[in-house]
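Data block below; observations after.
For the numbers below, each heavy atom of this structure counts, side chains included, while hydrogens, waters and symmetry mates do not. Computed from a predicted structure; not experimentally measured. So that the names make sense, note that chain A is the first sequence line, chain B the second, and so on, each numbered from 1.
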Protein chains: 2
Amino acid sequence: MSQPTTRERIEEKADELFYEAGFGATSFADIADAVGISRGNFYHHFKSKDDILDAVISRRLAATRRMLDEWEVDATPKERILSFIRILITNRTKIMAFGCPVGTLTTELAKLEHVAEDRAAEIFELFREWLACQFRALGHGDDAEPLALHLLGRSQGVAVMASAFKDEAFISSEVAQIEVWLDQHSNQPQTKG
Amino acid sequence: MSQPTTRERIEEKADELFYEAGFGATSFADIADAVGISRGNFYHHFKSKDDILDAVISRRLAATRRMLDEWEVDATPKERILSFIRILITNRTKIMAFGCPVGTLTTELAKLEHVAEDRAAEIFELFREWLACQFRALGHGDDAEPLALHLLGRSQGVAVMASAFKDEAFISSEVAQIEVWLDQHSNQPQTKG
DNA sequence: TGACAATTAGGACGACTGTCCTAACTCTCG
DNA sequence: CGAGAGTTAGGACAGTCGTCCTAATTGTCA
């Protein structure tokens, strides 16, 4: 592990700030202060704010791929899906404060009619395809895709409500219910949804 | 019905713009243009942007109460809950474009650490209490509150995913599933959750 | 050491932000 | 008609935004 470059440090801090304060509400001054560099220095590394957003999305895409890869070491597809579900528990503090980083970014970019909206949604696609793959491994055919989307939606709902009510018990309760749902869809796979 | 006052027209347009573009991304100039009045005229009606936000939230609270009241005419608690679920169908076009107005506003205000965050969450509370009331009428006791929160979360999840993927079929499919879930929780109420 | 590229700091820029002020206008009522 | 309150338009304001420029600094290699 070498020292992170200035560019990498900008991406890292921008990633954090875009998550915690939102893309629109994060200014160059905010990022510069967080990194500890001068404002003018910025345009040597990124040619615009949209350029930083693009780098942040790429960064998140890469981080997601890495995380999904790591989960592949889990023995069974069911355990892999459980790893996904339990992000809600692992990241509960940040989720209660700022929501889901993927959901909130795509939502904000949709309202801004920002060109990067589709790229942000690619992170969702990554999860969806990976989950569908796991459901297929569980014996689901045409159901795999809808099941993946459904699970994605369930976790997004948990994130939104947990953030609105700052309710940790709600997260635990919902995660437990989703695990029951997963049981029902992993032990005796159905041919009809 | 009398002509709407200027104040009411400002609230109405601000409400729309806060929903479609977000609170932070909506400027006074945007609202003034939409209403068709001068910028300076604004501060005769509202003393600050936060003041407009407050009025918009009050407006939404009132509209929600009115809607919930109207649903009370539905014959059974189950039908009332169905009315709630079917907002997702009725408003699908706007939801696919901008998400849920309640969820996206609370999410944004949470990131902004805005004082009005709690007031925005009150709209959620209105739905939660009303839904819990309906579940109690269906014979649920301690389960009523968790069931209400669960249903709220499910619809939020649908809204987020529908907006991210612009997927109308997903909304229909999820609504159908939620209706099945409601069947299971209205025909033979359980004593354990 | 000297030359040259990469990196940095700091400030200028025009546009836009929320806020506030003032002068003009419209309406109502005596 | 004329007075006075309510309402309006338009611009000034200090600050911040994203962007860009230039000069100084650092690092690298002959």
Side-chain angles (χ1 to χ4, degrees), chain A residues 2-59 105 108-109 111-117 119-120, chain B residues 2-59 105 108-109 111-117 119-120:
Chain A
S2 58
Q3 291 281 47
T5 64
T6 302
R7 189 189 159 93
E8 284 166 346
R9 289 195 302 139
I10 293 174
E11 288 180 9
E12 183 189 336
K13 291 296 180 185
D15 194 342
E16 281 180 30
L17 288 167
F18 288 176
Y19 175 35
E20 299 179 2
F23 169 71
T26 301
S27 70
F28 273 74
D30 295 331
I31 304 172
D33 285 354
V35 178
I37 58 168
S38 121
R39 234 157 288 110
N41 187 6
F42 249 98
Y43 283 78
H44 186 260
H45 301 279
F46 299 94
K47 70 174 195 293
S48 70
K49 197 185 177 188
D50 289 352
D51 207 35
I52 299 185
L53 175 60
D54 223 58
V56 166
I57 294 175
S58 297
R59 195 184 145 87
L105 182 64
E108 180 180 2
L109 295 183
K111 283 182 197 274
L112 297 177
E113 299 189 85
H114 197 287
V115 285
E117 186 194 346
R119 282 210 75 212
Chain B
S2 58
Q3 292 281 47
T5 65
T6 302
R7 189 189 160 93
E8 284 164 347
R9 289 195 302 139
I10 293 174
E11 288 180 9
E12 184 190 335
K13 290 296 180 185
D15 194 341
E16 282 179 30
L17 288 168
F18 287 177
Y19 175 34
E20 299 179 0
F23 169 71
T26 301
S27 71
F28 272 73
D30 295 332
I31 304 173
D33 285 354
V35 178
I37 60 168
S38 118
R39 235 159 286 110
N41 187 7
F42 249 99
Y43 283 77
H44 187 261
H45 301 280
F46 300 93
K47 70 175 197 291
S48 70
K49 196 184 177 187
D50 289 351
D51 207 34
I52 299 184
L53 176 60
D54 224 57
V56 166
I57 293 175
S58 297
R59 193 185 149 85
L105 182 63
E108 181 180 0
L109 295 183
K111 283 181 196 275
L112 296 176
E113 299 188 86
H114 196 287
V115 285
E117 186 193 346
R119 282 210 73 213

Starting at CZ of Arg9(B) and ending at P of dT7(D), how long is that distance when rounded to a whole Å?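 Whole-Å distance recorded here is 13 Å.
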
For atom CZ of Arg7(B) and atom C1' of dG6(D), their distance in whole Å: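 The answer, rounded to whole Å, is 15 Å.
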
Considering all heavy atoms, the nearest Ala21(A)-Thr26(A) contact: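 Result for this residue pair: CB-OG1, 3.8 Å.
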
Main-chain N/O of Ala29(A) paired to Arg39(A) side chain as donor or acceptor, under 3.5 Å: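 Checking the backbone N and O of Ala29(A) against the side chain of Arg39(A), no donor-acceptor pair under 3.5 Å is found.
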
How many angstroms lie between CD in Glu108(A) and CG in Leu112(A), if you round to the nearest 0.5 Å?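 Output value for this atom pair is 5.0 Å.
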
Test log, rule side-chain contact (heavy atoms from CB on, under 4.5 Å), inputs Ile10(A) and Ile37(A): CA-CA 9 Å; Ile10(A) 293 174; Ile37(A) 58 168; 3.8 Å; yes

Could you pull out the protein-nucleic contacts involving nucleotides 27-29 of chain D (nitrogen or oxygen on both sides, under 3.5 Å)?
none

Check whether any side-chain heavy atom of Leu53(B) lies under 4.5 Å from a side-chain heavy atom of Leu109(B), and answer yes or no.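 Yes, their side chains come closer than 4.5 Å.
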
Taking for each residue the nucleotide of DNA chain D with the nearest heavy atom, is it Asn41(A) or Thr6(B) whose nucleotide lies nearer the 5' end?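 Here Thr6(B) is the residue nearer the 5' end.
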
Using the salt bridge (Lys or Arg N to Asp or Glu O under 4.0 Å) criterion, which residues pair with [X]? Sequence neighbours excluded.
X	answer
Asp30(A)	none
Asp51(A)	Lys47(A)
Arg9(B)	none

Under the ring pair (Phe, Tyr, Trp, His ring centres under 6.0 Å) rule, what do Phe46(B) and Phe28(B) come out as? Steps first, then yes or no, please. CA-CA 11 Å; Phe46(B) 300 93; Phe28(B) 272 73; 8.9 Å; no

Between which nucleotides of DNA chain C, read 5' to 3', does contact with chain B run, using atoms under 4.0 Å from its heavy atoms?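 Reading along DNA chain C, I get dT17(C) to dC21(C).
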
Interface polar pairs with nucleotides 16-19 of chain D, N/O, under 3.5 angstrom:
{"unit_1": "dC17(D)", "atom_1": "OP1", "unit_2": "Ser27(A)", "atom_2": "OG", "d": "3.2"}
{"unit_1": "dG18(D)", "atom_1": "OP1", "unit_2": "Lys49(A)", "atom_2": "NZ", "d": "3.1"}
{"unit_1": "dG18(D)", "atom_1": "OP2", "unit_2": "Phe28(A)", "atom_2": "N", "d": "2.9"}
{"unit_1": "dT19(D)", "atom_1": "OP2", "unit_2": "Tyr43(A)", "atom_2": "OH", "d": "2.7"}
{"unit_1": "dT19(D)", "atom_1": "OP2", "unit_2": "Lys49(A)", "atom_2": "N", "d": "2.8"}
{"unit_1": "dT19(D)", "atom_1": "O5'", "unit_2": "Tyr43(A)", "atom_2": "OH", "d": "3.1"}

NZ or CZ of Lys111(A) within 45° of Phe18(B) ring axis and under 6.0 Å: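 Not satisfied by the 6.0 Å and 45° rule.
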
